[in-house]
Each structure stands twice: as C-alpha cells, then as structure tokens.
Amino acid sequence: MSEQSRLSVKDLVARRKAGYALEAPFYTSPKIFRVDMDVIFGRHWIYVGVEPDVPEAGDAMAVNIGPSSIIIVRGDDEEVRAFHNVCRHRGARILPEGKAIIGNVVCPYHSWTYGLDGDLKFAEHMGPGFDPKCHGLKPVALRSVSGLLFICLSDNPPADIDDMAAAMAPYLAPHDIRNTRVAFQSDLIEDGNWKLTMENNRECYHCAPNHPELTIPLFAYGFGFAPDALDEDGRREAERYAELMRASHARWEAGGLPSREIEHLADRTTGFRTERLPIDQSGESQTMDTRAACRLALGGLTDKSVGGLSFWTQPNSWHHFMGDHIVTFSAIPIDESHTLVRTKWLVHKDAVEGVDYDLQRLTEVWDATNRQDADLVAIGQQGATDPAYEAGPYSPYTEGLVEKFAAWYIDRLAASLP
Amino acid sequence: MSEQSRLSVKDLVARRKAGYALEAPFYTSPKIFRVDMDVIFGRHWIYVGVEPDVPEAGDAMAVNIGPSSIIIVRGDDEEVRAFHNVCRHRGARILPEGKAIIGNVVCPYHSWTYGLDGDLKFAEHMGPGFDPKCHGLKPVALRSVSGLLFICLSDNPPADIDDMAAAMAPYLAPHDIRNTRVAFQSDLIEDGNWKLTMENNRECYHCAPNHPELTIPLFAYGFGFAPDALDEDGRREAERYAELMRASHARWEAGGLPSREIEHLADRTTGFRTERLPIDQSGESQTMDTRAACRLALGGLTDKSVGGLSFWTQPNSWHHFMGDHIVTFSAIPIDESHTLVRTKWLVHKDAVEGVDYDLQRLTEVWDATNRQDADLVAIGQQGATDPAYEAGPYSPYTEGLVEKFAAWYIDRLAASLP
Amino acid sequence: MSEQSRLSVKDLVARRKAGYALEAPFYTSPKIFRVDMDVIFGRHWIYVGVEPDVPEAGDAMAVNIGPSSIIIVRGDDEEVRAFHNVCRHRGARILPEGKAIIGNVVCPYHSWTYGLDGDLKFAEHMGPGFDPKCHGLKPVALRSVSGLLFICLSDNPPADIDDMAAAMAPYLAPHDIRNTRVAFQSDLIEDGNWKLTMENNRECYHCAPNHPELTIPLFAYGFGFAPDALDEDGRREAERYAELMRASHARWEAGGLPSREIEHLADRTTGFRTERLPIDQSGESQTMDTRAACRLALGGLTDKSVGGLSFWTQPNSWHHFMGDHIVTFSAIPIDESHTLVRTKWLVHKDAVEGVDYDLQRLTEVWDATNRQDADLVAIGQQGATDPAYEAGPYSPYTEGLVEKFAAWYIDRLAASLP
Ligand code: FES
Ligand code: FES
Ligand code: FES
Ligand SMILES: [Fe+3]
Ligand SMILES: [Fe+3]
Ligand SMILES: [Fe+3]
C-alpha cells in the first residue's frame with residue numbers, strides 16, 4: 001500500500017496487469033478520483049437520462065455529475081439542449097437536481113433570466129457597459145441515441161458516438177423509447193467507487209449466490225461460464241440455454257428484430273456492447289414470474305417473447321429493453337467511495353398505473369437486485385481499502401467483460417494523461 | 001479550475017479582477033480557508049457578542065471560532081475579559097460553547113482552577129517545582145464598542161478599532177446596548193463559505209425575489225439601484241424613498257440622532273459602515289407590520305420612528321438598531337463550505353416576554369430572512385464548486401458594497417501574505 | 001501551530017519534552033495518524049479479544065483495526081488463528097465485524113470458499129491455469145496470553161511477547177480466562193485521538209472529580225499522589241490505603257496469588273504493567289457496593305476478597321481481573337480524532353444471567369466510567385485542536401504512568417522511523 005501510494009497515477013496505469021482486478025488506489029485514492037472525474041467523466045459520453053424525462057417544450061431536468069450540474073431542457077423548437085447549471089452573474093446553481101417545468105431559466109438569486117436556448121434575456125441593474133450576449137448559459141454537448149441522452153462535458157466530445165448511434169438504431173427502434181414514460185425512478189447511493197459499481201454490473205458470476213429474484217428471468221450463462229466446471233445438471237442447463245439462444249436469435253432476426261452481439265467494449269473511445277438475450281420460462285420480461293409487467297407493448301412489437309435487449313456503455317450505463325418495459329441505469333460518481341445508481345423504469349406512454357401495470361410488480365426484480373449489488377459493492381470497497389488487499393485474478397470465463405471494462409478504463413487514462 | 005488550483009494564493013490575490021466576484025478557490029479551497037482563518041479571523045477584530053451576554057460578575061460565555069474557543073467572562077471588578085478556552089495542564093477545553101455562571105474557571109478534567117482574571121489559583125499534585133504564575137489562562141484581546149464585543153486572536157490587534165469605536169459612539173449611544181437583554185438567539189449553519197454569507201449580506205439586489213417579509217419594512221433602494229432601469233412605478237417609488245431619506249435624516253439629526261452615512265468598508269484594517277435608514281409604513285421597526293415589537297423604548301428614545309441604524313463591520317458582522325429592539329448578527333466560519341450565522345434579538349432589559357413583547361412577532365422577519373439567505377448561500381456554494389463556475393460581474397449599482405467587501409478582503413490578504 | 005505543522009514527524013519526535021503532554025500534531029494530524037497506524041498498530045501486539053469470544057471450532061470473529069479487518073477463528077483442531085478478512089479473488093471483505101459460526105470461510109461475492117485454516121478449497125470458473133494453493137487467506141500473527149488474544153499485523157512480530165506471556169501466566173492463571181464467557185460487550189466511540197484515550201486510562205488524577213461510581217471500589221492512591229499536598233483527612237486515608245496494601249499483598253502472596261507490581265511500560269517493545277490492588281469496603285469487586293456481581297467464583301478462587309488484578313499493555317489495552325468477573329478493554333483507532341473503546345465483561349462460563357448475576361449490576365460501574373472518560377477524551381481532543389494549545393506538564397505524582405505511555409510511544413516511533 002505504501003509502495004503503491006508513492007507511485008504516480010501514470011506508473012499505476014503502466015503496470016496494470018491484464019486479467020487482474022485493479023490495484024487498490026484506483027478504488028480508494030481521492031487523487032485518482034479527481035483524475036477519473038477529469039479524464040473519464042469529463043471527456044467521454046456520459047449517459048444521463050432519456051428523452052421522456054423532458055417530453056415537452058419547457059420540460060427541464062438538472063443532473064449532477066460529481067461537482068458539475070447540468071440542465072437538460074427541451075426548447076420551444078422541440079430540441080433537447082444541455083447547459084451548465086451555473087449562473088453567469090455570481091455563479092449560483094440555478095435549478096435544484098430533479099425535474100421542473102419552466103418558461104425561462106431564471107436564477108433564484110437575482111433573477112437573471114435565460115431563454116430555453118441559454119441566451120441571457122434579462123439582467124436588471126447591470127448598467128450600460130454590460131453585454132448580455134457574453135453572459136449566456138454555457139452549453140454542454142448533448143446527443144440523443146434513439147432517445148437515450150448522453151452528454152459530454154468536454155469541448156471536444158469523442159466523434160465515435162456517431163458509430164454507436166448508427167449501430168444501435170435498428171436494435172433500439174422496435175422499443176420506441178421516445179414513446180415511453182418514466183413510471184418510476186430510484187436513486188441508490190452505493191458505498192463504493194464507481195468502478196466497483198461498473199465491474200459488478202459486468203458479470204453474473206455473483207448472480208447465483210446473491211440474486212434470487214433476478215435469476216428467475218435471467219440466465220447467468222449469458223455472461224460466460226467454465227464448461228469443464230459443470231456437473232451433470234449444469235451441463236444439461238447450459239445446453240438448454242445454448243439451444244434457446246440459437247432458436248430465439250433465429251426467430252427474432254427473421255422477425256426483423258436485430259439480436260446478435262455487437263461488442264466494442266474495449267476497442268473504442270465510446271465503448272459499448274449489445275445483445276438480445278432470451279428470458280427464462282415465459283420468455284417475456286424481467287419480472288418475478290417472467291410475464292410482462294405492463295399490458296401495453298412497446299413500439300409496434302407484437303411478439304410478447306422478445307427477451308431482453310441489453311445495452312452496455314462505457315463508462316457508466318446499462319439498459320434492458322423488453323417487450324413491455326425498459327429498465328435503464330446510470331452510475332454517477334459522488335466521491336472515491338460513493339456512487340449514485342439511478343434506475344428508471346419506462347413503460348408505454350399511454351400506460352396507466354393500476355390499470356395497465358402494477359408498480360410493485362414492474363420494479364421489484366431490479367429494486368431487490370440493486371440493493372443486493374449495493375451490498376457487494378460496499379464489501380468490495382471495504383476490501384480495497386484494507387492494506388492487505390491484493391488484486392486477484394478475473395475468471396477467464398465469467399469475468400471477461402469485467403476485464404474489458406478495466407482494460408478500457410486503463411486505456412483511456414493512458415491515452416489522456418500527459 | 002485546474003489552472004486555478006495550480007496557482008498560489010498569492011497569484012490568485014494578485015490577479016483578482018475588480019468589479020467581479022472572486023474566483024472559485026476563494027470559496028472552495030481548504031487551503032485558502034486556512035489562510036482566511038489565519039489572516040482574516042486570526043488578525044482582525046471579530047464580532048462575537050454583546051455585553052448583555054455577560055451582564056454580571058461571574059457570567060461567562062464560550063464562543064468557538066473555527067478550531068479556537070474563547071471564554072468571555074465578566075470579572076468581580078465588572079471588567080469583561082477574554083481568554084483562550086484551553087487548560088494549561090493537558091489542554092482540555094474548559095467550558096462548553098454557550099453561557100455559564102461561574103465563581104472560578106475550573107477545568108473539568110483534573111480541576112485546575114483559574115480566577116476570573118485568568119490566574120491559576122489551584123492545581124493539585126504538581127509538586128514543588130511547579131510555578132502557577134506561568135500557567136494562567138492565555139488572554140485574548142477584547143474590546144467593547146458601546147457594548148458590542150469584539151475580540152482579536154492576534155498579539156498585535158489592529159489599533160484602528162479606536163477610530164471605529166469613537167465614530168460609532170454617538171450613533172450607538174441612543175440605543176443603550178448595555179441596558180438591553182438577549183431575548184432570543186438563533187444559530188443557523190449555512191452550507192457555504194463565510195465570504196458568500198458576507199457578500200449576501202452586503203446587497204439587497206436579491207431582496208425583491210427572495211425576502212417577502214423583510215421587504216415590508218426595508219427599502220431595497222438603500223443599497224443602490226440603476227435609475228435608468230426603473231419603469232414608471234419604480235421611478236415613483238424611488239423618488240418617494242429619496243424624499244423620505246431627506247426628511248428623516250433632517251428630523252433625526254435635528255433631534256440629536258446622528259444618521260448620516262460613515263463609510264470605511266474598504267479603506268481601513270477595521271473596515272465598517274453605518275447609516276440610519278428609514279423604515280416603510282409606520283417607520284418604527286423591522287416587523288411584519290412595521291410597528292414596534294416591544295413596548296419599552298431603548299435608551300432614552302422618545303421618538304418611535306427612528307428607523308433602523310445599520311452597522312456593518314469587516315469581516316463578520318451586521319446589526320440593526322431600532323427604537324424598540326436590536327438585531328445583531330455574526331458570521332463564524334466552520335470550514336470552507338459551512339458558516340455559522342448567529343443572530344441575537346435584544347430588547348430593553350426590563351422588558352418581559354408575553355407582556356412587553358411577543359417573541360414570535362419580535363423574531364419572525366429576520367428568522368424568515370435568515371433561512372432565505374441560507375438557501376441563497378447554499379446555491380452560491382454549489383455553483384462555486386462547479387468546474388463551469390466563472391466569476392461574473394457585480395452590478396455597479398446594487399452590488400457596490402459587495403465589491404467593497406471583496407476589495408477589503410483581497411487587500412487584507414495582500415497585506416498579510418509573505 | 002503553523003511552526004509545528006511545518007516540522008517533520010521525525011523532528012516532532014526528536015524534540016519531545018519529557019514530563020510534558022505531547023505536542024498538538026500527535027493528536028490532530030492525519031499524517032501522524034497514518035504513521036501511528038503503520039508503526040504502532042502495524043508492528044506491535046494489539047489486544048483484540050479473548051478466547052471465550054471464539055470458544056468452539058467454527059466460532060469466528062471479525063475485528064476491524066482502522067482500515068484493516070482481521071478474522072479470528074477457531075479451527076477444527078481447536079487452534080485459534082487469524083487471517084486478513086480480504087478475499088483473494090476481487091478483494092471483498094468476507095465477514096462483517098462481529099461474531100459468526102461457520103463451517104468454512106465463504107466470500108459472499110462469488111462464493112470462493114476457504115477452510116478454517118485459510119486454505120482455498122473451492123473457486124468456480126477459474127480455469128485450468130489457476131492454482132488454489134497461491135490463493136489462500138493471508139495469515140496474521142496471533143498469540144493467546146493465558147486466554148487474552150493479541151494479534152500483530154507485521155511479518156516480524158516483536159519476540160518479547162514471550163516474556164510478557166511468561167511473566168503474566170501465574171498472575172492470570174487463578175482467574176482462568178478460558179473458562180469464562182462474555183456476558184456483555186459495549187462499543188463506545190470516543191471523539192478523540194487514541195493516545196488521549198490511553199493517557200486518560202493511565203491516571204486517576206481525574207477520578208475524584210469525574211468518577212463517582214468507580215471511586216467507590218477503587219482507590220485513586222494506587223496511581224500515585226503528592227503526599228505534601230494532603231490535608232489531615234487525606235493523610236489518614238492514604239495511610240489506611242498503605243496499610244491495606246501491605247496486608248493484602250502479604251495475604252495474597254501467602255495464598256498463592258502473585259500480586260506485586262511488574263512494571264515494563266516503557267522499557268520494552270511489548271510494554272506492560274501489572275499489580276494486584278485492593279478494593280475498598282468489602283474488598284470483593286468493582287461494583288457499586290463493592291460486593292461480587294456474580295455468585296460463581298472464577299478459576300479455583302475460594303477467597304472472595306482478591307481485590308483487582310490490573311494489567312495494562314502498550315499500546316491499547318487494560319484489564320481488571322476480580323474474583324467473580326473480569327472487565328477487559330481495547331482501544332482501537334478509527335481516525336485521528338475518533339477511537340473505539342471496546343469493553344467486555346466476563347463471568348464464569350456456567351454463570352446464568354438473572355440467576356447467578358444481574359447484568360445491570362455487573363456492568364454499571366464501568367459503563368458509567370467509560371461514558372465519563374469519553375467526555376474527558378472529547379474535551380482533550382477539542383483542546384489539542386485549538387491553535388492556543390500548549391503541551392503542559394504532567395504531575396510527577398499522579399501522571400507518572402501517563403509519562404511512561406508517552407515515552408514508550410515516542411521511543412517506538414523513534415526506533416521505527418527511517
Ligand atoms: S447569481 Fe444568478 S442572478 Fe445573481
Ligand atoms: S487538563 Fe485541565 S486540569 Fe488537567
Ligand atoms: S471477491 Fe470473493 S469470491 Fe469474488
Ligand atoms: Fe448484480
Ligand atoms: Fe438577504
Ligand atoms: Fe477515567
């Protein structure tokens with residue numbers, strides 16, 4: 001630990017051992033956390049929400065990312081834009097985190113008034129030498145990927161989001177995100193570094209011992225496994241799963257539902273992966289009985305058994321798109337040992353709670369799973385903080401995507417450090 | 001932000017741009033906070049309370065300023081003295097914050113016993129080589145300005161407090177602070193740097209949109225405004241105010257009540273400003289109906305409409321003296337992002353609660369105003385912490401006194417840094 | 001304070017003035033706290049609990065010391081062993097603090113399974129290249145001193161624990177710790193540096209003004225006093241105590257109970273002191289009426305009036321062994337200004353609550369005393385944090401053992417710093 005703490009971030013990056021967890025300072029050092037906020041969260045595309053968060057002109061949402069706060073607002077021209085949530089007068093934070101319906105962006109301190117396009121429209125008492133044109137809200141790059149909102153705090157956002165957007169469009173289209181509604185949002189603060197949150201998300205090695213609810217609809221096999229290690233029962237289950245995959249993919253692709261894996265987790269600046277995975281039993285949805293939670297199908301989907309299209313992005317999101325609802329997650333760092341996991345459950349925009357869906361049934365699998373994952377992230381952080389911590393080996397079978405996350409992260413630091 | 005954080009305090013002081021808010025590190029850096037505690041709060045006169053806090057011999061009050069704790073105590077000779085609240089044996093803090101009635105200053109740990117003059121009177125088991133004379137409480141400079149208590153933690157307190165005391169004496173005398181009583185004290189912790197608390201106090205640009213209660217008795221015009229910017233109604237109001245000022249000042253000065261502005265906010269080590277300002281409607285007091293809250297007049301005042309004598313000091317106080325009561329405020333830094341605002345409401349020492357005054361009516365305007373200001377200070381701190389923060393321009397009309405506070409502060413740092 | 005904070009730890013160690021409290025940074029600096037955790041708590045024998053905490057095979061207890069967590073577990077061979085509580089896979093903390101009954105040590109994250117001897121017995125999906133032998137739990141040195149458990153986080157634990165164990169064996173044997181049971185444990189977090197907790201423990205100068213309960217059974221004289229300072233009453237009391245000591249020691253030693261002082265607090269790496277001290281009135285136990293709290297005598301003791309055998313170790317424990325029960329304390333640093341004091345009350349293993357002892361009566365003296373000491377430690381920390389703090393002189397009579405603690409501490413730092 002003391003040797004590590006004497007090493008520079010650059011040295012720690014350089015000596016990272018592939019196939020092994022990261023060394024402790026990556027999870028515990030406030031200095032590396034600041035590097036993460038600067039390099040990773042300051043210069044990459046960060047998933048922050050969905051277009052249905054701001055469905056109409058004048059709908060606004062403030063999202064905090066570490067010390068930064070961003071206003072996302074739909075203008076009178078129906079465009080969604082993002083701005084720094086910092087008044088150009090004496091710098092007050094203008095909107096509190098959460099949603100608002102507004103005519104203008106008005107600072108509560110001295111009422112400086114900005115249009116929905118960020119221009120300063122009104123500032124009293126500033127005298128004749130003052131130029132409102134130089135005091136508009138500072139814009140933030142924003143991109144909607146089929147209705148999923150990504151922002152980038154850098155002035156040079158990575159251009160390869162175009163490739164991701166193009167590749168994902170046919171996968172996402174059938175679920176028609178823009179015609180959904182946020183039925184519920186949960187904010188859960190995990191007591192761990194954001195990378196522990198992400199690593200936890202990238203494997204299902206921990207599912208069997210920890211997620212009794214999630215493993216009803218979800219097959220852990222989708223995340224890799226060691227075939228030799230299986231017993232008789234295990235082998236039979238794995239074969240059943242392989243056959244189901246083959247049959248489902250054939251049926252979905254034939255029916256115009258792109259399903260095959262696209263995997264660019266570690267070979268791009270804007271890393272991502274997608275694949276449509278079968279669901280167990282009825283095959284419909286990630287619920288306790290695997291049946292759809294909402295009676296209204298998303299988009300034009302007529303097949304109820306479309307499994308779950310999963311979509312993962314570096315550095316901070318994962319999503320499951322089913323036939324009846326969508327669950328979408330963002331991980332937002334708070335400090336080196338705390339991370340906000342924000343989960344939104346989306347249903348068809350015309351779905352009525354209590355009529356078309358029951359909120360409890362809709363949310364219970366992932367609500368329980370999130371809490372279980374939070375406990376795992378917490379013991380991961382405690383362990384990383386222990387001077388006896390030593391980065392151990394990833395399973396080559398069940399932790400391949402964790403390795404891809406770690407490799408992407410190290411690669412991005414290496415590319416950005418001076 | 002990263003450029004700024006690489007700059008030294010000295011560089012940041014040197015490049016301060018007049019007429020603009022301070023750069024972010026002045027509000028957010030723990031290092032600059034330590035400089036503030038050393039240079040500003042360690043070497044200037046700090047307002048801590050009033051003589052009526054310790055009206056009689058043996059009355060003591062412990063006040064904490066950051067990591068320092070100070071005992072203020074009235075001795076048997078009726079003198080008020082201040083001492084460091086640190087035992088000379090093993091250093092225990094002797095008195096908890098707040099008030100006490102004591103015969104001696106007795107350390108709770110091993111009962112070392114000091115007189116009200118700080119001398120060590122008794123220390124058991126210390127043996128023959130021990131000299132009690134070398135182990136008295138360490139004194140702290142204290143000065144009563146017509147009953148307002150200022151302390152200075154330095155061994156060389158600024159001498160110009162004499163000028164302030166002399167200038168203020170005729171203004172304060174009519175309100176006879178020494179014959180008042182603390183009817184109520186509120187301690188409110190604001191989530192912001194102490195300089196945001198002070199800047200907020202030095203302007204009324206924010207009053208109209210934020211202080212519905214305070215703007216009943218108080219005219220925002222007293223703090224400056226842009227005449228061109230006014231509409232018809234505004235111009236009429238401003239003229240009414242100007243006329244009221246002229247008439248009131250003439251009447252007050254004629255009646256022996258000094259009222260004219262004295263302004264030394266930025267041109268002295270012990271910066272201050274005073275002015276007697278009219279109150280709206282009945283002209284009596286800062287209450288919801290502008291009528292006196294207490295039936296007993298202060299001092300020998302016979303005129304009920306004496307408006308409010310305001311008194312502001314650098315770095316940490318403001319006060320309003322009316323005919324029936326006094327409201328007095330101190331701002332005490334806690335850390336770089338938290339500040340205690342301590343408010344005391346004083347009434348005539350013979351006034352009886354429930355008979356001569358109603359506590360709710362006495363305190364409601366400033367209690368509400370304090371909470372509103374705390375919210376503004378909090379969003380100011382959130383904004384200053386945002387990497388997108390950029391110091392914006394002060395209004396030349398409504399924020400002239402904020403500029404004077406910032407200029408004084410920068411000046412004092414410049415004079416004190418090596 | 002600013003001069004001190006510019007000094008290196010080495011300089012502060014070098015200029016320590018014997019007979020005086022430590023300088024402020026030893027109590028307040030996060031940097032010195034890290035040195036303490038490394039040098040003192042990382043390389044010395046730390047008291048963590050008793051064998052009766054893990055009486056049977058499969059009984060485990062996790063103890064946290066700062067950022068380190070240690071599993072103490074009794075194996076199937078009845079041996080007690082200690083391991084780092086950190087999984088060798090991705091480093092999760094395996095057991096939560098506290099006690100558990102286990103068959104194996106199973107990590108909750110991905111179910112890696114270790115035997116009670118630390119060997120990795122099972123790890124799924126790791127593939128053929130993986131060697132379980134290289135991934136066992138990391139061992140921690142553990143030593144049972146007549147049933148008192150000490151661990152050392154260093155790979156080179158000080159060898160002189162052997163001397164302490166040998167010296168203490170005859171003193172501890174009559175109280176037969178291994179045949180006791182933990183009747184109650186209290187965890188109290190004190191708001192002060194661990195050295196203030198220890199200094200507080202090493203003197204009874206503060207007893208008379210602070211411990212009305214403890215001073216019923218305990219004589220403050222046992223900790224030293226200034227004979228000249230006593231009045232008539234005091235001298236009579238001191239003589240009564242001296243006579244009682246003489247008579248008790250003679251009786252105890254004659255009856256095979258070693259009682260004489262052994263004092264190696266400052267002249268050894270593993271510093272300790274012991275002495276059997278008389279108890280007032282009935283002479284039986286540290287209770288409110290000085291009578292035994294438990295009807296079952298410990299070990300083979302037939303004499304009810306065996307006073308209290310006290311045992312103190314550097315850096316973090318103290319213990320009182322009476323005829324009917326044992327009270328045993330460990331101080332565990334949390335950060336530079338917080339310390340956990342863990343107290344265990346032990347009774348004969350066959351004693352039944354409500355029948356043989358009343359829990360309230362058993363615990364009330366030390367429960368009250370602990371709370372009083374926590375208040376004293378808190379004001380000590382507040383004072384040490386005050387810039388006006390100046391290290392004062394220890395009493396040569398009543399604070400001799402405090403000086404020995406400080407001298408040992410400074411000596412150990414001096415020996416360990418490069
Ligand atoms: S800070 Fe926003 S209007 Fe003044
Ligand atoms: S610390 Fe005050 S008397 Fe000992
Ligand atoms: S971290 Fe312990 S089994 Fe994976
Ligand atoms: Fe999980
Ligand atoms: Fe205000
Ligand atoms: Fe004590």
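To find a chain, count down the sequence lines: A is the first, B the second, and so on, and within it residues start at 1. Values below: every heavy atom of this structure, side chains too, minus hydrogens, waters and symmetry copies.
- Atom-to-atom distance recorded for B:R88:CZ and C:E390:CD is 4.5 Å, nearest 0.5 angstrom.
- Residues C:N200 and B:Y109 have side chains that bring a donor and an acceptor to within less than 3.5 angstrom of each other.
- C:E199 touches chain B through backbone and side chain together, each having a heavy atom under 4.5 Å away.
- Only the side chain of C:E399 comes within less than 4.5 Å of a heavy atom in chain B; its backbone stays farther off.
- In plain terms, the two heavy atoms of C:P393 and B:F130 that are nearest each other are CG-CE1, 3.9 Å.
- Contact of the C:V402 side chain with the B:R90 side chain is registered, since non-hydrogen atoms from C-beta on lie closer than 4.5 Å.
- Atom CD of B:E124 is separated from atom OG1 of C:T398 by 8.0 Å, given to the nearest 0.5 angstrom.
- Put simply, OH on C:Y389 and SG on B:C87 are 10.5 Å apart, with the number rounded to the nearest 0.5 Å.
- Remark: B:S111 OG to C:N210 CG distance equals 7.0 Å, nearest 0.5 Å.
- Across C:Y397 and B:H125, no two heavy atoms sit closer than the pair CD1-O, 3.3 Å.
- The neighbour count for C:K17 NZ, taken as heavy atoms of other residues, nucleotides or ligands under 6.0 Å away, does not exceed 12.
- For CG of B:N156, the number of neighbouring non-hydrogen atoms (other residues, nucleotides, ligands) closer than 6.0 Å is 12 at most.
- For a residue to count as touching a neighbouring chain, one of its non-hydrogen atoms must lie under 4.5 Å from one of that chain's; by this rule B:P128 touches chain C with the side chain only.
- For NZ of C:K404, the number of neighbouring non-hydrogen atoms (other residues, nucleotides, ligands) closer than 6.0 Å is 12 at most.
- Rounding to the nearest 0.5 Å places CG of C:D386 at 4.5 Å from OG of B:S68.
- Side chains of B:P108 and C:P209 form no contact here, defined as non-hydrogen atoms less than 4.5 Å apart.
- For B:D77, the CG atom sits in a packed shell: over 12 heavy atoms of surrounding residues, nucleotides or ligands are nearer than 6.0 Å.
- Checked against a 6.0 Å centroid threshold, the rings of B:H110 and C:Y394 do not count as neighbours.
- Distance check: C:Q382 CD to B:N85 CG gives 9.0 Å after rounding to the nearest 0.5 Å.
- For chain B, no part of C:V377 is nearby; none of its heavy atoms comes within less than 4.5 Å.
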